[in-house]
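Worksheet: the structure to be examined is printed underneath.
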Amino acid sequence: MPNLSFSDRIIRWYRANKRDLPWRQTHEPYRIWISEIILQQTRVDQGMDYYHRLLEAFPTVTDLANADLDQVLKLWQGLGYYSRARNLHATAQWIAGPLKGKFPSNYKDLLALKGVGPYTAAAIASFCFNEPVAVVDGNVERVLARYFGVEEPVDASATKKLLQQLAQEHIAAPRPAEHNQAIMEFGALQCTPKNPSCANCPLQASCFALRLGKVSDLPFKAKRTQVKAVAIDYFVLTDGRELLLRKRVDQGIWNNLHDFLSIEGEAPLTDSAVQREAKKFGEWRASTETVVHLLSHRKLSIRFHVVQVKRWEERPNGVLVKIRNRHELAVPKPIHDFLMEVGGPLWSGVRKKN
DNA sequence: AACGCGGGGCT
DNA sequence: AGCCCAGCGTT
C-alpha cells in the first residue's frame with residue numbers, strides 16, 4: 001500500500017485491531033474523564049472494574065460531587081496514586097457547583113481542572129469534542145521515538161516538547177479523535193515495550209528503529225527512580241472487639257487512607273523496642289513475620305504487632321472500628337491483606353484472653 | 001528540572 | 001530485579 005501517510009496506516013491498523021472498551025462506547029465528557037483519570041499510569045485491565053464500579057456508584061458528576069471523599073477513596077482502594085481520587089472529587093464539586101454542571105469543552109479549559117494535565121486534556125478534548133490536539137502518553141512516546149528516530153532521552157523536557165510537536169504535526173486533521181485512539185492502541189498492542197510485532201507491522205517499511213536495529217533501544221530514558229528501603233512497625237491495638245485505626249494525613253504515601261499506629265524508619269524496631277512500645281498501650285500479644293511491599297520508589301518492610309488493650313479511655317487519637325466492620329474504611333494494600341486475611345487468628349487470640 | 005506518588009504484570 | 005503502564009502536582 002504505497003502513498004499512505006503515517007496516520008492513514010495507524011488508523012487502518014486500528015480499525016482492524018482495536019479492542020472493544022466501554023469508554024469507546026460514549027462521548028459523554030463525564031465518563032471519558034473518569035476513564036482517563038483511572039488510566040493514568042494504569043493498565044486497561046487493572047482499571048476496568050474500577051471504571052464500572054465508580055460509574056455505578058456515581059452515575060453523574062453531581063452524584064460524585066455529593067459523595068464523601070472517604071467513599072470515593074474506598075472505591076479507589078487498591079488502584080494506587082490516591083491523589084487522583086482526591087482531585088477527581090474536588091473537580092466534580094467544581095463542575096457541579098460553580099460551573100453549574102457544564103463540563104469544560106476545550107483543551108485550554110480542561111487543562112485548568114485539578115488532576116487534568118496535557119495528556120488528559122488532549123484526550124477529553126479530542127474524544128468528546130473532536131478538537132485536533134494530539135495526545136502524548138507512554139504509548140505515543142514509544143511509537144514516535146521508534147518510527148521517527150527520536151534518540152534523545154524522552155524524559156527530558158526538551159524532548160517531551162519535541163514529541164508533542166511531532167505528534168501534533170502528524171495528527172490527521174479530519175479525524176483527530178480516531179487518530180489519537182489509534183496511535184495509543186497501536187503502542188499498547190503492536191509497538192509494545194518488549195517484543196513488539198515488527199514482523200507484521202504496517203509501518204515496518206519506514207520505521208527508523210527497525211531499519212537501524214534500534215527497536216529495543218528506543219525510547220531511551222535517562223533517569224531511573226531510586227528505591228529507598230523503609231521499615232514500618234505497626235501497632236494494632238484491640239480489645240478483641242474493636243481495632244484502632246488512624247487516618248494518614250500529610251504522610252506522603254497513602255495520604256488520606258487509614259492504617260494503624262506506626263513507627264517508620266530506616267530499620268525495623270528491635271524486639272525490646274517493640275515490647276517497650278507495646279507496653280505504652282497495653283499488652284503485647286503477637287507479631288507477624290515481615291512482609292515486603294514494593295512501590296515504585298519504596299521498598300517497605302512491614303510488621304504488625306497486636307497489642308491487647310483493657311479499656312479505650314486513654315487511647316491515642318484514631319478511629320475505633322468494630323472488627324466485623326473492618327472492610328469499610330479505605331486502606332492501603334498491605335493493611336487490607338492484614339485486616340482481611342493475616343490478622344484474624346491473632347486478634348481472635350485476644351478475644352479468648354478477655 | 002527533579003522528585004513524589006501505587007499497584008500489578010511482564011521479562 | 002528492572003521496566004512499564006491512556007501522568008500529574010509540587011518544589
Side-chain angles (χ1 to χ4, degrees), chain A residues 14 18-19 21-24 32-51 73 76-88 90-91 110-124 126-127 134-143 145 153-161 163-164 167 177 180-189 191-196 216-217 219-228 230 248 250-257 259 292-300 330-337:
Chain A
Y14 175 68
K18 66 180 176 182
R19 291 169 289 183
L21 302 175
W23 42 87
R24 289 186 178 151
I32 299 294
W33 169 59
I34 296 282
S35 75
E36 291 302 337
I37 302 299
I38 288 174
L39 292 173
Q40 287 169 3
Q41 293 290 283
T42 304
R43 290 171 192 281
V44 166
D45 291 342
Q46 190 185 357
M48 185 70 75
D49 290 345
Y50 289 85
Y51 175 77
L73 285 165
W76 205 268
Q77 175 178 301
L79 196 54
Y81 286 156
Y82 297 96
S83 65
R84 291 185 292 175
R86 188 179 177 79
N87 287 330
L88 197 75
T91 293
L110 287 160
L111 193 56
L113 301 175
K114 283 183 184 174
V116 174
Y119 162 76
T120 304
I124 301 174
S126 62
F127 301 161
V135 293
V136 178
D137 71 335
N139 291 309
V140 177
E141 277 184 7
R142 185 169 54 256
V143 173
V154 294
D155 48 356
S157 62
T159 315
K160 287 193 178 297
K161 192 175 171 185
L163 287 166
Q164 184 71 53
N180 278 342
Q181 292 275 6
I183 190 169
M184 284 195 288
E185 190 80 334
F186 184 79
L189 300 183
C191 193
T192 50
K194 304 287 181 189
N195 304 322
S216 61
D217 300 325
F220 169 70
K221 290 192 178 174
K223 302 185 270 257
R224 59 183 205 289
T225 56
Q226 291 254 12
V227 178
K228 183 179 159 193
V230 177
R248 295 179 70 93
D250 298 326
Q251 293 285 301
I253 63 172
W254 299 329
N255 210 12
N256 296 304
L257 274 65
D259 60 1
V292 174
H293 185 76
L294 296 172
L295 308 181
S296 306
H297 60 308
R298 293 285 185 275
K299 179 183 176 183
L300 307 177
V331 299
K333 172 69 162 55
I335 305 301
H336 177 264
D337 291 348

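The chains referred to below are lettered A, B, ... by the order of the sequence lines, with proteins before strands, and numbering in each begins at 1.
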Heavy atoms only, 4.0 Å cut-off, all strands: where does [X] land among base, sugar-phosphate and nothing?
{"X": "A/Val135", "value": "nothing"}
{"X": "A/Leu79", "value": "base"}
{"X": "A/Gly78", "value": "sugar-phosphate"}
{"X": "A/Leu21", "value": "base"}
{"X": "A/Gln181", "value": "base"}
{"X": "A/Gly252", "value": "sugar-phosphate"}

Can you find a side chain N or O atom of [X] that sits less than 4.0 Å from OP1 or OP2 on [N]?
{"X": "A/Tyr82", "N": "B/dG7", "value": "yes"}
{"X": "A/His297", "N": "B/dG6", "value": "no"}
{"X": "A/Arg142", "N": "C/dC5", "value": "yes"}
{"X": "A/Gln41", "N": "C/dG7", "value": "yes"}
{"X": "A/Arg298", "N": "B/dC5", "value": "yes"}
{"X": "A/Lys223", "N": "B/dA2", "value": "yes"}

Taking the P atom in each of B/dT11 and C/dA6, what is the distance between them to the nearest angstrom? 14 Å
Taking atom C1' in both B/dG6 and C/dC5, compute the distance separating them and give it to the nearest angstrom. 12 Å
Those residues at least two apart in sequence (or on a different chain) that pass salt bridge (Lys or Arg N to Asp or Glu O under 4.0 Å) with A/Glu36 are none
With nearest nucleotides of DNA chain B determined for A/Asp155 and A/Asn195 from heavy-atom distances, which residue corresponds to the more 5′ nucleotide? A/Asp155
Looking at the side chain of [X], which of [options] is the nearest nucleotide?
{"X": "A/Thr120", "options": "C/dC4, C/dC8, C/dA6", "answer": "C/dC8"}
{"X": "A/Asn87", "options": "C/dG9, B/dC5, C/dC4", "answer": "C/dG9"}
{"X": "A/Gln46", "options": "C/dA6, C/dC3, B/dG8", "answer": "B/dG8"}
{"X": "A/Leu295", "options": "C/dC5, B/dG6, C/dG9", "answer": "B/dG6"}
{"X": "A/Pro332", "options": "B/dG7, B/dT11, C/dA6", "answer": "B/dG7"}
{"X": "A/Gln40", "options": "B/dG7, C/dA6, C/dC8", "answer": "C/dC8"}

Go through the N and O atoms of the side chain of [X] and the base of [N], and report whether any donor-acceptor pair is under 3.5 Å.
{"X": "A/Ser296", "N": "B/dG6", "value": "yes"}
{"X": "A/Arg224", "N": "C/dC3", "value": "no"}
{"X": "A/Thr42", "N": "B/dG6", "value": "yes"}

Provide, to the nearest angstrom, the distance between the [atom1] atom belonging to [X] and the [atom2] atom belonging to [N].
{"X": "A/Asp49", "N": "B/dG8", "atom1": "CG", "atom2": "P", "value": "13 Å"}
{"X": "A/Tyr81", "N": "B/dG8", "atom1": "OH", "atom2": "P", "value": "13 Å"}
{"X": "A/Leu88", "N": "C/dC8", "atom1": "CG", "atom2": "P", "value": "13 Å"}
{"X": "A/Tyr14", "N": "C/dA6", "atom1": "OH", "atom2": "P", "value": "14 Å"}
{"X": "A/Ile253", "N": "B/dG7", "atom1": "CD1", "atom2": "P", "value": "8 Å"}
{"X": "A/Lys299", "N": "B/dG7", "atom1": "NZ", "atom2": "P", "value": "17 Å"}
{"X": "A/His293", "N": "B/dG6", "atom1": "NE2", "atom2": "C1'", "value": "7 Å"}
{"X": "A/Asp137", "N": "C/dC8", "atom1": "CG", "atom2": "P", "value": "10 Å"}

If you assign A/Trp23 and A/Leu111 each to the DNA chain C nucleotide with the nearest heavy atom, which residue ends up on the more 5' nucleotide? A/Trp23
5'-most by nearest nucleotide on DNA chain C - A/Arg19 or A/Lys114: A/Arg19
Is the shortest side-chain heavy-atom distance between [X] and [Y] below 4.5 Å?
{"X": "A/Arg24", "Y": "A/Gln181", "value": "yes"}
{"X": "A/Val44", "Y": "A/Leu39", "value": "yes"}
{"X": "A/Lys299", "Y": "A/Val230", "value": "no"}
{"X": "A/His336", "Y": "A/Gln77", "value": "yes"}

So which of A/Asn256, A/Leu257, A/Ile37 actually passes side chain to side chain contact (heavy atoms under 4.5 Å, CB included) with A/Trp76? A/Ile37
Quick one, A/Thr120 with A/Gln40, criterion side-chain contact (heavy atoms from CB on, under 4.5 Å). Give me CA distance, side-chain angles, the key distance, then yes/no. CA-CA 8 Å; A/Thr120 304; A/Gln40 287 169 3; 3.0 Å; yes
Report yes or no: does A/Arg84 contribute a side-chain atom to a donor-acceptor pair with the main-chain N or O of A/Gly80 at less than 3.5 Å? yes
